[in-house]
Number of protein chains: 2
Amino acid sequence: MALLFYSTSDSASRWKAALATAIPELDVRVWPEIGDAREIRYALVWRPPEGLLASLPNLELVLSLGAGVDHIFADPKLPAVPVARLVDPHMVEAMSEYILLQVMRLHRQDVLYMAQQRRGEWTEHLQPNAGERRVSFLGLGMFGSDAARKLAALGFDVAGWSRTEKHLPGIACFHGADGLDALLARTDVLVCLLPLTPETEGILSAALFARMPRGAAIVNAGRGAHLVEEDLIPALDSGQLSAAVLDVFRTEPLPLTHPFWRHERIVVTPHVAAATNPATASLVVADNIRRARAGEPIRDVVDPARGY
Amino acid sequence: MALLFYSTSDSASRWKAALATAIPELDVRVWPEIGDAREIRYALVWRPPEGLLASLPNLELVLSLGAGVDHIFADPKLPAVPVARLVDPHMVEAMSEYILLQVMRLHRQDVLYMAQQRRGEWTEHLQPNAGERRVSFLGLGMFGSDAARKLAALGFDVAGWSRTEKHLPGIACFHGADGLDALLARTDVLVCLLPLTPETEGILSAALFARMPRGAAIVNAGRGAHLVEEDLIPALDSGQLSAAVLDVFRTEPLPLTHPFWRHERIVVTPHVAAATNPATASLVVADNIRRARAGEPIRDVVDPARGY
């Protein structure tokens, strides 16, 4: 029973050690040391190269190293086997911490105060209460719903938008195309936690920014391709947006020459909002492999038609 | 029935307008336009100059423009009339937001990531869970207890220290001199929200930093005089402290030449953690003035022996 591990950003040695504890009977092979490809039944991957998965004739299950699966469906030769997302409660906590930090940063005008610190400027700004700050989520899945609930508990005026209708206590829920307009019109801080699909790619665009009140801010912790990167700096410079916090980018690592690094009202973090922790995530992966072997239903399998 | 308003940092015009709504019968006089000093029964002040309050022969009540009263007791000629702190629930919310932002910043290694952004450096750091982060409060009054409760709800390992014994659900409570040693030994982030008294002045010193684990961080939102300023940069540069977030300073505004502005691991904010908002605080002040006129007990009167 062999598993192929492929990632250029996760630690193979840390994952091997964690899986050895979580499921000792598993034979973990780290790419490119595949051995006999016919022995590989499972693949645990992040951004697999085109055709790698198709080269494994007895592959039964693809496991994502992250909560998203867009990096797997990007392979046009992806074989017709089930694909499971990684759903680890510790990642949900980590994402909510990140969103809470960034929304609180925007609420408390920290981007402004940090710029003042660089100039040695002591100026106090009027501070609204949390209840006067309208925070909106694009995406109300496991990440969005948890962060929305925690911000609402701190007194923010929270709303959310999803493809299909949802009901969450204390959160104003919108859905569909009309719902998106209504949501954007009541938004001071917009948080993107959508899955990346053909429908959501490029959703954070000049057209969307224009539908929010002047001076709104955005936080993108979804995927880099949600943002039309060339639309951001013009929106900041015109004042339509007041600030942007970005954890994900079209090209990662973000190239040193990219203007996002140096814009005073853009906060850049290196894709750290909800890092996969092998210590806890290996237990989730091990559980799904045991289910596959026992012929039981696999958890968190993605609907290929929906893409998440 | 006249009230004297004195502050060099609060807006006299905003306070006059708010008090005109909250208690229209009150004759508000803004220093130095005192008029007949004998008519003044109440004084609403921030850092009154020495002898100002003693010059009002019929003064019945001193009202602080902030939650602390150290700026009033600093006057050696303070007359023997009751002094009331300002206790506004909106200020408690604002302080908890600030503490939450700064503790989350330290927890999520944001000081490091922001320094990396300035260099255009894409490096991910291992991220502990909130439950592995020990956050300790000096002071468990109205500010400390609210912030401690909110951080515990987010999964942090929270403790607190107070002069007298307290019991708060979900918070490890310590008190007295022995309790302080025990608290410091289990601290990754230390938050100071103490009142400023002769006993607490200079508590944040090299000697205290040495009693915490190497690499701990501090947040001071108490008073500038809690920190021995000359001890901070050596503790950061030696690695005993990893970072410091400061909202208050011995001299405010912080002078442009002060080295705190430019240290990469010091975050400076201009005394904005919990600003007094006249719209809500004027209702609290109006209530206490009505109580004084009616001979009813004044709320939030300070014990002069204790100093808070």
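For the numbers below, each heavy atom of this structure counts, side chains included, while hydrogens, waters and symmetry mates do not. Each chain gets a letter, A, B and so on, in the order the sequences are listed, and its residues count up from 1. Computed from a predicted structure; not experimentally measured.
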Participant: Quick check: do B:L190 and B:V219 have side-chain heavy atoms less than 4.5 Å from each other?
Facilitator: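 The answer is no, as the side chains (C-beta and beyond) never meet within the 4.5 Å cut-off.
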Participant: Over 60° means perpendicular and under 30° means parallel, so tell me whether B:Y113 and B:H125 are parallel, tilted or perpendicular.
Facilitator: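 Tilted.
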Participant: Where does A:V267 contact chain B at under 4.5 Å (heavy atoms): side chain, backbone, both or neither?
Facilitator: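 Contact with chain B involves both backbone and side-chain atoms of A:V267.
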Participant: Any ion pair linking B:R134 and B:D188 (charged N to carboxylate O, less than 4.0 Å)?
Facilitator: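 Salt bridge present between B:D188 and B:R134.
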Participant: Taking every heavy-atom pair that is under 4.5 Å apart, which of A:H258, A:E124, A:E97 has the most such pairs with chain B?
Facilitator: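 Of the candidates given, the most pairs with chain B belong to A:E97.
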Participant: I'd like to know which of B:A94, B:P255, B:S9 tops the heavy-atom pair count under 4.5 Å against chain A.
Facilitator: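 Max contact count across the listed options: B:A94.
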Participant: Can you tell me which of A:E93, A:R262, A:M114 forms the most heavy-atom pairs within a distance under 4.5 Å of chain B?
Facilitator: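 Looking at each option in turn, the highest pair count goes to A:M114.
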Participant: With only heavy atoms counted, which part of B:F260 is less than 4.5 Å from chain A, the side chain, the backbone, both or neither?
Facilitator: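 B:F260 touches chain A through backbone heavy atoms alone.
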Participant: Let me know if B:A130 has heavy atoms under 4.5 Å from chain A in its side chain, its backbone, both or neither.
Facilitator: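 B:A130 touches chain A through backbone and side-chain heavy atoms alike.
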Participant: If I measure from the heavy atoms of chain A, does B:H271 come under 4.5 Å with its side chain, its backbone, both, or neither?
Facilitator: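 When you check distances to chain A, atoms from both the backbone and side chain of B:H271 fall under 4.5 Å.
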Participant: Which region of B:R105, side chain (C-beta onward) or backbone (N, CA, C, O), has a non-hydrogen atom less than 4.5 Å from a non-hydrogen atom of chain A, or is it both or neither?
Facilitator: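 For B:R105, backbone and side chain are both near chain A.
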Participant: Examine whether an atom of B:Q109 lies under 4.5 Å from a heavy atom of chain A, and if so say whether it belongs to the side chain, the backbone or both; otherwise answer neither.
Facilitator: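 It is neither, since no heavy atom gets under 4.5 Å.
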Participant: Is the shortest heavy-atom distance from the side chain of A:L256 to the side chain of B:W122 under 4.5 Å?
Facilitator: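 Not in contact.
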Participant: Against chain B, work out which of A:M104, A:Q116, A:R108 has the most heavy-atom pairs shorter than 4.5 Å and name it.
Facilitator: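 Of the options given, most contacts go to A:R108.
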Participant: Name the member of B:L100, B:N277, B:T269 that forms the most heavy-atom pairs with chain A at distances under 4.5 Å.
Facilitator: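 Between B:L100, B:N277, B:T269, the count favours B:L100.
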Participant: Please classify the contact of B:Q117 with chain A as side chain, backbone, both or neither, using a heavy-atom distance under 4.5 Å.
Facilitator: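 Both the backbone and the side chain of B:Q117 come within 4.5 Å of chain A.
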Participant: Let's test your reading of the structure: which of B:E121, B:R118, B:R119 forms the most heavy-atom pairs below 4.5 Å with chain A?
Facilitator: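 Counting heavy-atom pairs under 4.5 Å, the top option is B:E121.
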Participant: Taking side chain as everything from C-beta outward and backbone as N, CA, C, O, which of these in A:S96 sits under 4.5 Å from a heavy atom of chain B? Side chain, backbone, both or neither.
Facilitator: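 Contact with chain B is absent: no heavy atom of A:S96 under 4.5 Å.
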Participant: For the pair B:F156 and B:H107, name the ring-plane relationship: parallel under 30°, tilted 30 to 60°, perpendicular over 60°.
Facilitator: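 Plane angle over 60°, so perpendicular.
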Participant: Does the side chain of A:S7 come within less than 4.5 Å of A:F5's, by heavy atoms?
Facilitator: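 SC-SC contact between A:F5 and A:S7 confirmed.
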Participant: Checking heavy atoms, do the side chain of B:F249, its backbone, both or neither come under 4.5 Å from chain A?
Facilitator: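 When you check distances to chain A, only side chain atoms of B:F249 fall under 4.5 Å.
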Participant: Regarding A:D70 and A:R223, does a basic nitrogen lie under 4.0 Å from an acidic carboxylate oxygen?
Facilitator: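 A salt bridge is present here (some side-chain N lies under 4.0 Å from a carboxylate O).
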Participant: Evaluate the side-chain proximity of B:M95 to B:L193: yes if any heavy-atom separation is below 4.5 Å, no if none is.
Facilitator: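 Yes. Closest side-chain heavy atoms under 4.5 Å.
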Participant: Below 4.5 Å, heavy atoms only, C-beta onward: do B:L86 and B:T276 meet side chain to side chain?
Facilitator: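 The answer is yes; the side chains approach within 4.5 Å.
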Participant: Is the shortest heavy-atom distance from the side chain of A:K16 to the side chain of A:V28 under 4.5 Å?
Facilitator: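 A:K16 vs A:V28: side chains touch.
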